[in-house]
Amino acid sequence: MEKLRRVLSGQDDEEQGLTAQVLDASSLSFNTRLKWFAICFVCGIFFSVLGTGLLWLPGGIKLFAVFYTLGNMAALASTCFLMGPMKQLKKMFETTRLLATVIMLLCLVFTLCSALWWHKRGLALLFCVLQFLSMTWYSLSYIPYARDAVIKCCSSLLS
């Protein structure tokens, strides 16, 4: 269990606990960081669900794209309160998550472009699906062996 916690928190030093590492990363207290994490994460879920509900309104594709993208950005920003923004950026662009990060960020931008400027509904929906998939793949990279398990599960379903 201790090894799992070290891997998830990105610790190199075995003597430093998770709480100490989080407190060292910022001047905010642990409770404040936890509260803002929860606030951002809940806002992210709320915006995503709100955007999905607005999709069914006439002309709702623009609102859907904006709120769904804001929801993903808020959920992604929530982890900055736990790790700190610089550590989050470093972890995002590590080789294990580089492709997922780039695809996720491009899909965030292309979703907004296709809905607001290009006025292509189908393309906006496609980029939202790709946002979801890349965000999921990115999130799985923080769980040891989760990507391998998903690949094995999908390959067994396809064979």
Side-chain angles (χ1 to χ4, degrees), residues 1-55 60 62-113 115-116 124-151 153-154:
M1 189 64 168
E2 180 63 29
K3 183 177 179 179
L4 176 64
R5 185 170 13 140
R6 280 195 320 266
V7 169
L8 289 176
S9 65
Q11 285 180 325
D12 295 327
D13 186 11
E14 291 184 13
E15 295 176 7
Q16 187 179 24
L18 177 63
T19 306
Q21 183 182 4
V22 168
L23 290 176
D24 287 345
S26 171
S27 60
L28 298 174
S29 72
F30 181 72
N31 286 337
T32 303
R33 293 166 78 64
L34 206 54
K35 287 174 189 173
W36 278 105
F37 163 77
I39 289 168
C40 283
F41 192 74
V42 168
C43 285
I45 291 172
F46 174 74
F47 285 148
S48 295
V49 170
L50 178 64
T52 305
L54 294 172
L55 177 63
K62 291 179 183 180
L63 292 173
F64 166 70
V66 169
F67 280 109
Y68 191 80
T69 301
L70 281 175
N72 279 340
M73 288 171 44
L76 187 61
S78 69
T79 57
C80 287
F81 285 102
L82 293 181
M83 284 193 252
M86 291 311 295
K87 189 170 183 180
Q88 171 78 14
L89 285 174
K90 286 179 186 175
K91 285 190 168 283
M92 284 177 73
F93 291 100
E94 288 177 349
T95 57
T96 56
R97 7 190 121 77
L98 181 62
L99 183 62
T101 300
V102 169
I103 291 172
M104 177 181 57
L105 294 175
L106 285 174
C107 287
L108 290 171
V109 171
F110 288 154
T111 298
L112 293 175
C113 288
L116 300 176
L125 289 174
L126 173 68
F127 284 126
C128 282
V129 169
L130 291 175
Q131 257 188 69
F132 173 78
L133 293 174
S134 61
M135 187 76 141
T136 302
W137 194 250
Y138 168 80
S139 299
L140 287 174
S141 71
Y142 284 97
I143 304 169
Y145 307 111
R147 285 180 168 181
D148 294 333
V150 169
I151 290 171
C153 181
C154 290

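Predicted model, so just to flag it, every value in this text is computed and none were measured. If you read the sequence from its start, that first residue is 1, and numbering goes on from there.
Contact annotation: the side chain of M92 approaches that of L89 to within less than 4.5 Å [non-hydrogen atoms, C-beta and beyond]. The shortest side-chain heavy-atom distance between L55 and L63 does not fall under the 4.5 Å cut-off. Between V150 and C153 there is no side-chain heavy-atom pair separated by less than 4.5 Å. Within the 4.5 Å cutoff, no side-chain heavy atoms of N72 are placed close to those of T111. You'll find the side chain of M104 stays beyond 4.5 Å of the side chain of Q131, heavy atoms only. In this structure, the side chains of W137 and L99 stay at 4.5 Å or more apart for every pair of heavy atoms. Taking the side chain as every heavy atom from C-beta outward, F110 and L130 never approach each other to under 4.5 Å. A 4.5 Å side-chain heavy-atom check between Q88 and L76 finds at least one atom pair inside the cut-off.
Annotation for I103 and S134: closest pair CG2-CB, 3.8 Å, computed over non-hydrogen atoms. The two atoms that bring R33 and C80 nearest to each other are NH2-O, 4.4 Å, heavy atoms only. Nearest heavy atoms, A115 versus K62: O-CG, 3.5 Å.
Residue K35 holds its NZ atom at 11.5 Å from CZ of F30, rounded to the nearest 0.5 Å. Taken from CE in M73 to OH in Y68, the straight-line distance is 14.0 Å, to the nearest 0.5 Å. Taking CG of L108 as the start and CE of M135 as the end, the distance is 7.0 Å to the nearest 0.5 Å. Remark: C154 SG to I151 CD1 distance equals 8.5 Å, nearest 0.5 Å.
Remark: T52 engages no residue in a side-chain hydrogen bond (donor to acceptor under 3.5 Å, both in side chains) (not counting sequence neighbours). Not counting sequence neighbours, the partners of S141 by the side-chain hydrogen bond (donor to acceptor under 3.5 Å, both in side chains) test are R97.
Sparse packing is recorded around CZ of F132, with 12 or fewer heavy atoms of other residues, nucleotides or ligands lying under 6.0 Å away.
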Q | Residues S139, T136; criterion side chain to side chain donor-acceptor pair (under 3.5 Å); working and verdict | A | CA-CA 5 Å; S139 299; T136 302; over 6 Å; no
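Using a 30° and 60° split on the angle between ring planes, F81 and W36 fall in the parallel class, below 30°.
Between the side chain of T69 and the backbone N or O of V66, no donor-acceptor pair lies under 3.5 Å.
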Compile the donor-acceptor pairs under 3.5 Å between side chains in residues 38-50 and protein atoms, sequence neighbours left out, one pair per line.
{"from": "S48", "atom 1": "OG", "to": "G44", "atom 2": "O", "distance (Å)": "3.0"}

